[in-house]
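Notes for the one structure printed next.
Both backbone and side-chain heavy atoms feed into the values below; hydrogens, waters and symmetry mates do not. None of the values given here were measured: they were computed from a predicted structure.
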Amino acid sequence: MAFSVSGGTVFTILLISRLLENSMLNAEVKEGEILPPTIQRLMKGYNKYLRPFFDNGPVTVGMSLDIASIDTISEINMDYTATIFLRQRWTDERLVFEGNKSLSLDGRLVELLWVPDTFIVDSKKSFLHDITVENRLIRIFPNGTVLYALRITTTVACNMDLTKYPMDKQTCTLQLESWGYNVNDVMFYWTRGNESVSGLDTLQLAQYTVEDHYTSVSEAVYETGNYPKLVFHFELKRSILYFILETYVPSSLLVVLSWVSFWISLSSVPARICIGVTTVLTMTTLMMGARTSLPNANCFIKAIDVYLGICFSFIFGALIEYAVAHFCTLTHADAHMLMYTHHMHEFDDEMNGIVTTISSHANRVKRRKEPAATPTPAPTSLELTVNPSSPSGSEPKPEASPPEPTNRCLTVLATIRKVLSYIYCCHVENPHHIDNYSRVTFPLSFVMVNLLYWTYYLYF
């Protein structure tokens, strides 16, 4: 019983499929009846599943592009969206007819013909426009040449090097390949070389200008074989004026604003702290806003990041400068007291040295007089009597005692202390000089860094 039911089901399915096949054939016949006699003769015996010159070598397909618009170029997704008119030409020997006029057919009749299986390699998403009908064109010439045109909007990946952003140049490509036919079956070529692509000269982009474009022909190598490939290259240069007005000028003005604190008195603590903290916070906000239009996880250190980092460093340096100057002001009075005490100790040491020298000289005079007062025994041999007060006397002088190591150490320490005191006086003696130096060094340093920055990123 189960076998008979299953057999009946199979018979029903076969019957339905046969009926559907017959209805489709009848529909094709009805379509053929409304075609002109020339098209009917061309379609008679035509097999759209077999390419032209099936047994006589590859079919050559010429291509040309018309760039209607480039809508968006995204650095976050690293892609661009463009609307293009893709035109393909090939010769089909089965479509040769007599006459000297081409036949322009409805785009829906393309389903009856063989067409190349062209696809866009790096396309993320694409669609064919269908308002009011599908935007396709099919035209057949007497010699069998077929012109097939499509209007496509596609989003294509473009690998970007953002190291010099926003002074960068990006080279993007549009690659066309055959999906199933290898180089033994289909060959691609540009119909007019570099002039096969048009529309870029009149194209207006928001942040870019098209500097150069060219075409190339190559082969795509895969595991399944070598496939024909056409590549269209175009170079985009970013317009920097927007970023100068949006980022570079505000950040430079914030740096200049931070220098205003150098002309404010050191005693005006709230004013200088307010300027320093406000400029630091504003610069931080500007840096965060400049990264919103860029990839979040990006390994590039961009040119705009370098400039914002430089500006932030100068603003933060101005805040630190006030902290140092204010600290020196607080310690200025204590430093004067320490120097006064140091000079008093040196004066005491000098007075003690003078007193010690006078007492040592008095002791030596006393020792000289004591031998003259005591009687001396008669000499046993001939001796010369020498008057001590005689100017030609040869009385031996007392030997000078060698300098002690402690005195040398004290001398070295005193010298080091004086050098350090001179250095300390240069920094602390007048804290207002710090602001005077900063008024010159900060602007000059910022100008020099800007010269190096713009020279490197514009010319290297």
Side-chain angles (χ1 to χ4, degrees), residues 70-81 124 155 157-170 172 205-209 236-264 269-324 326 438 441-458 460:
I70 297 179
D71 303 325
T72 58
I73 300 175
S74 174
E75 291 83 7
I76 298 178
N77 300 321
M78 289 197 175
D79 57 24
Y80 67 92
T81 301
K124 296 182 178 180
T155 300
C158 178
N159 294 326
M160 300 181 181
D161 183 7
L162 301 176
T163 305
K164 292 188 176 183
Y165 177 90
M167 292 168 281
D168 56 332
K169 295 180 180 180
Q170 304 299 336
C172 297
L205 300 178
Q207 293 186 12
Y208 293 91
T209 56
L236 300 173
K237 182 180 179 181
R238 196 185 306 273
S239 301
I240 195 176
L241 180 61
Y242 167 79
F243 298 93
I244 290 177
L245 299 177
E246 188 74 13
T247 303
Y248 285 96
V249 171
S251 58
S252 300
L253 291 178
L254 284 175
V255 174
V256 176
L257 180 61
S258 67
W259 299 339
V260 174
S261 61
F262 300 153
W263 278 266
I264 300 177
V269 178
R272 298 194 64 162
I273 290 296
C274 181
I275 291 177
V277 174
T278 302
T279 51
V280 168
L281 294 178
T282 307
M283 192 67 207
T284 304
T285 305
L286 189 64
M287 294 173 66
M288 294 175 62
R291 295 191 180 97
T292 55
S293 60
L294 297 175
N296 294 327
N298 195 355
C299 59
F300 298 111
I301 299 177
K302 298 170 285 297
I304 194 170
D305 294 334
V306 174
Y307 193 82
L308 292 176
I310 292 172
C311 293
F312 185 83
S313 301
F314 273 91
I315 292 174
F316 189 76
L319 183 61
I320 296 299
E321 183 271 345
Y322 174 64
V324 173
H326 187 65
S438 300
T441 56
F442 271 75
L444 288 179
S445 301
F446 190 67
V447 170
M448 292 298 297
V449 170
N450 269 273
L451 289 176
L452 294 175
Y453 173 86
W454 292 104
T455 302
Y456 175 77
Y457 282 105
L458 289 178
F460 295 97

Report task. Taking the side chain as every heavy atom from C-beta outward, state whether Met160 and Tyr165 have any pair of such atoms under 4.5 Å apart. Result -> no
Query raised in the report: Thr455 and Leu451: which non-hydrogen atoms are nearest, and at how many Å?
Result: OG1-O, 2.6 Å
Query raised in the report: To the nearest 0.5 Å, how far apart are CZ in Phe446 and CZ in Phe314?
Result: 6.5 Å
Query raised in the report: What's the verdict on side-chain contact (heavy atoms from CB on, under 4.5 Å) for Val280 and Phe312, showing C-alpha distance, side-chain angles and the deciding distance?
Result: CA-CA 7 Å; Val280 168; Phe312 185 83; 3.9 Å; yes
Query raised in the report: Heavy-atom distance under 4.5 Å between the side chains of Phe316 and Thr279, does that happen here?
Result: no
Query raised in the report: From Ile304 CD1 over to Leu162 CG, what is the distance, rounded to the nearest 0.5 angstrom?
Result: 11.5 Å
Query raised in the report: Partners of Tyr456 by side-chain hydrogen bond (donor to acceptor under 3.5 Å, both in side chains), sequence neighbours excluded?
Result: none
**Report entry** Audit row: Gln207, Ile73, side-chain contact (heavy atoms from CB on, under 4.5 Å) steps and yes/no
**Finding:** CA-CA 9 Å; Gln207 293 186 12; Ile73 300 175; over 6 Å; no
Query - Side chains of Asp168 and Asp161 in contact at under 4.5 Å (non-hydrogen atoms) - result: no
Query raised in the report: Does the side chain of Thr282 come within less than 4.5 Å of Ile315's, by heavy atoms?
Result: no
Query - Partners passing salt bridge (Lys or Arg N to Asp or Glu O under 4.0 Å) against Asp305 (at least two apart in sequence or in another chain) - result: Arg291, Lys302
Query raised in the report: Quick one: salt bridge (charged side-chain N to carboxylate O under 4.0 Å, His left out) pairs with a partner in residues 269-287, sequence neighbours left out?
Result: Arg272-Glu321, Arg272-Asp435
Report task. Taking side-chain hydrogen bond (donor to acceptor under 3.5 Å, both in side chains) as the test, write out the residues that go with Tyr307, two or more places apart. Result -> Ser252, Asn450
Report task. Please list all pairs passing the salt bridge (charged side-chain N to carboxylate O under 4.0 Å, His left out) test where one or both residues lie in residues 306-318, with sequence neighbours left out. Result -> none
Report task. Check whether any side-chain N or O of Ser261 sits under 3.5 Å from a backbone N or O of Ser258 as a donor-acceptor pair, and report yes or no. Result -> yes
Query raised in the report: Is there a donor-acceptor pair under 3.5 Å between the side chain of Gln170 and the backbone N or O of Lys237?
Result: no
Requested in this report: Quick one: closest heavy-atom pair of Ala290 and Leu308, and the distance?
Outcome: CB-CD1, 3.8 Å
Query - Minimum-distance pair of heavy atoms, taken over all atoms of Ala157 and Lys124 - result: CB-CE, 3.9 Å
Report task. Check whether any side-chain heavy atom of Leu458 lies under 4.5 Å from a side-chain heavy atom of Met167, and answer yes or no. Result -> yes
Requested in this report: Could you tell me whether the side chain of Thr209 and the main chain of Leu205 form a donor-acceptor pair under 3.5 Å?
Outcome: no
Query - Spacing of Asp79 atom CG and Asn159 atom CG [to the nearest 0.5 Å] - result: 10.5 Å
Requested in this report: Return each pair, listed once, that meets salt bridge (charged side-chain N to carboxylate O under 4.0 Å, His left out) where at least one residue sits in residues 241-258; pairs must be two or more places apart or across chains.
Outcome: none
Query - Closest non-hydrogen atom pair, Pro443 against Ser438 - result: CD-O, 3.6 Å
**Report entry** Closest non-hydrogen atom pair, Met283 against Cys311
**Finding:** CE-CB, 3.6 Å
Query raised in the report: Passes side-chain contact (heavy atoms from CB on, under 4.5 Å), Ile264 versus Ile275? Steps please.
Result: CA-CA 10 Å; Ile264 300 177; Ile275 291 177; 3.6 Å; yes
Requested in this report: Can you label the angle between the Tyr453 ring and the Tyr248 ring as parallel, tilted or perpendicular, going by 30° and 60°?
Outcome: tilted
**Report entry** Nearest non-hydrogen partners of Phe262 and Ala318, listed with the distance
**Finding:** CZ-CB, 4.0 Å
